[in-house]
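Worksheet: the structure to be examined is printed underneath.
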Amino acid sequence: MKTTFVSTVGSSQSLRYQLARMQSELVSANKEAQTFRVADRGLAFGARTSQSVTMWRDLDRLEHIQSQNGLVASRLTSTQNSLKQLEERAQAFLSTLTAGIGGDATAGVTRGDAKATLDTLTSILNTSVNGEYIFAGINTDVKPIGDYTAAGSPAKAAFDAAFAGFFGFPQSDPAAAGITAGQMDTFLTTVVEPQFLGAGWQANWSDASDEQITSRVALNETLKTSVTGNIDGIRKLAMAATTIYDMMSAPDMSPAAKATMLDRAYKMVSESIAELTQAQSELGVVQQQVTKATDRMAVQAGVLESAIGKMEGVDPYEASTRVTALVDQIELSYSLTARLQKLSLMKFL
């Protein structure tokens with residue numbers, strides 16, 4: 001008969017290794033019991049691991065775009081509300097101009113309403129959402145427009161220089177009484193309009209970019225998701241309000257010149273209202289597209305989550321039972337290790 005000897009050290013080491021393995025398994029089992037997914041995708045799926053990684057990557061992209069769409073929707077809503085307020089202000093100004101043309105509103109009243117329109121225009125164009133100016137185009141960190149009535153305003157300086165350059169005297173000069181309707185019309189057409197509808201707008205008025213913000217609203221879909229302060233509807237309203245506010249201050253301006261100004265301002269505001277309405281309609285279409293894209297991605301994300309769940313899901317009851325079993329085995333191992341450490345040949349003898 002042959003006997004083998006087992007040392008207490010060998011037995012103790014064997015239990016230690018088993019204990020380390022069970023502790024590692026307990027970590028994995030705990031993770032699966034808490035997440036209901038396999039703890040180690042590489043170990044569980046082998047060559048199919050890339051499929052799981054791809055699905056998680058697509059899900060992350062969908063969730064990221066959905067989150068960004070929330071910000072886009074917020075910016076679009078603010079822009080829509082701002083355009084609506086601007087249109088309402090333009091409508092009120094148009095009513096005042098109508099009264100002015102008919103002789104039912106004094107020059108002071110008309111000029112006061114032009115000032116209110118300028119103030120509203122400036123305030124709305126400088127609206128910011130989440131720290132970004134919504135009418136600045138891609139220059140979201142730059143305030144789109146300055147205050148025309150503020151000291152040192154480059155827009156005011158350019159207008160004054162243009163008036164003096166054309167007529168040879170400032171607006172407040174008594175010689176303004178001699179300005180004819182034809183001269184005023186030529187001044188508005190050849191000097192004022194280029195300042196607002198031409199290159200003068202961005203030289204003296206606007207720091208906004210012509211380029212609209214482009215946003216990715218779905219995996220394969222991008223949209224223009226902003227309105228810049230450089231659209232014609234805004235420029236025309238600014239021209240009408242500035243012209244009336246600035247030149248109605250001349251006490252001796254001839255009635256013919258004032259009538260020409262009022263007529264041109266009426267035309268500009270009427271066109272502005274139509275173009276602001278058109279901008280609101282186009283923005284509304286973009287809002288619908290963003291909403292639909294977000295809804296589609298929510299469905300796609302749901303499908304991906306379901307597929308990931310089927311691929312990586314574990315039985316919660318089985319995972320919990322395994323945790324309990326491993327804890328019992330580890331406690332038993334600790335107990336046996338303690339007993340082996342107490343074994344002594346001296347005690348046996």
Side-chain angles (χ1 to χ4, degrees), residues 55-94 117 120-145 206-238 269-308:
M55 286 194 293
W56 274 110
R57 182 200 60 198
D58 291 344
L59 182 60
D60 287 344
R61 288 186 64 193
L62 287 171
E63 290 176 343
H64 174 72
I65 295 173
Q66 281 180 287
S67 173
Q68 291 299 310
N69 280 1
L71 299 177
V72 170
S74 175
R75 184 172 67 239
L76 290 172
T77 300
S78 297
T79 305
Q80 190 71 274
N81 292 338
S82 296
L83 288 173
K84 181 64 178 173
Q85 292 173 22
L86 208 53
E87 183 205 337
E88 290 172 352
R89 181 62 251 172
Q91 290 280 10
F93 186 36
L94 190 68
T117 302
T120 301
L121 179 74
T122 304
S123 173
I124 287 177
L125 288 188
N126 290 334
T127 300
S128 64
V129 173
N130 297 322
E132 297 181 344
Y133 292 105
I134 60 177
F135 286 101
I138 60 173
N139 299 337
T140 53
D141 58 340
V142 180
K143 185 181 288 189
I145 192 173
S206 172
D207 289 320
S209 163
D210 283 339
E211 187 175 352
Q212 298 168 265
I213 296 174
T214 300
S215 304
R216 180 168 295 283
V217 299
L219 289 177
N220 300 308
E221 184 179 0
T222 59
L223 293 173
K224 302 289 186 185
T225 56
S226 74
V227 174
T228 85
N230 296 338
I231 62 173
D232 283 351
I234 289 174
R235 296 188 190 205
K236 289 177 179 176
L237 184 60
V269 176
S270 298
E271 292 178 1
S272 168
I273 291 170
E275 288 166 10
L276 288 173
T277 303
Q278 176 66 24
Q280 290 177 69
S281 300
E282 293 172 356
L283 202 63
V285 172
V286 175
Q287 285 179 297
Q288 289 180 349
Q289 289 175 307
V290 172
T291 300
K292 289 178 180 177
T294 304
D295 291 344
R296 285 199 307 273
M297 284 190 297
V299 173
Q300 292 172 343
V303 171
L304 274 176
E305 285 176 343
S306 176
I308 291 172

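The shortest distance between side-chain heavy atoms of Val290 and Leu223 falls below 4.5 Å. Counting heavy atoms from C-beta outward, Gln91 and Ile273 have side chains that approach closer than 4.5 Å. Looking at heavy atoms from C-beta onward, Gln280 lies out of side-chain contact with Leu283 at the 4.5 angstrom threshold. Residues Arg89 and Leu237 are not in side-chain contact: their nearest non-hydrogen atoms beyond the backbone lie 4.5 Å or more apart. Between Gln212 and Thr225 there is no side-chain heavy-atom pair separated by less than 4.5 Å. At least one side-chain heavy atom of Arg61 sits under 4.5 Å from a side-chain heavy atom of Leu219. Here the side chains of Val217 and Gln289 are not in contact, with every heavy-atom distance at 4.5 Å or above.
When all heavy atoms of Gly233 and Ser272 are compared, the closest pair comes out as O-OG, 2.6 Å. Contact record, Thr127 with Ile124: OG1-O, 2.7 Å, taken as the closest heavy-atom pair. Summarising the geometry of Ala208 relative to Phe135, their closest heavy-atom pair is CB-O, 3.4 Å, with the distance given to 0.1 Å. Residues Val129 and Ser74 approach most closely at CG1-OG, 3.9 Å, considering heavy atoms.
Here the straight-line distance linking atom CG of Leu276 with atom CD of Glu271 works out to 11.5 Å at 0.5 Å rounding. The distance from atom CD1 of Ile134 to atom OG1 of Thr77, rounded to the nearest 0.5 Å, is 10.0 Å. Rounded to the nearest 0.5 Å, atoms CG (Leu59) and NE2 (His64) are 13.5 Å apart.
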Does the side-chain contact (heavy atoms from CB on, under 4.5 Å) test come out yes or no for Asn230 and Ile234, once each step is laid out?
-> CA-CA 7 Å; Asn230 296 338; Ile234 289 174; over 6 Å; no
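Sorted by first and then second residue, the salt bridge (Lys or Arg N to Asp or Glu O under 4.0 Å) pairs with a member in residues 213-229 read Glu221-Arg296; sequence neighbours excluded.
Between Ser226 and Arg75, the side chains place no donor N or O within less than 3.5 Å of an acceptor N or O (distance only, hydrogens not considered).
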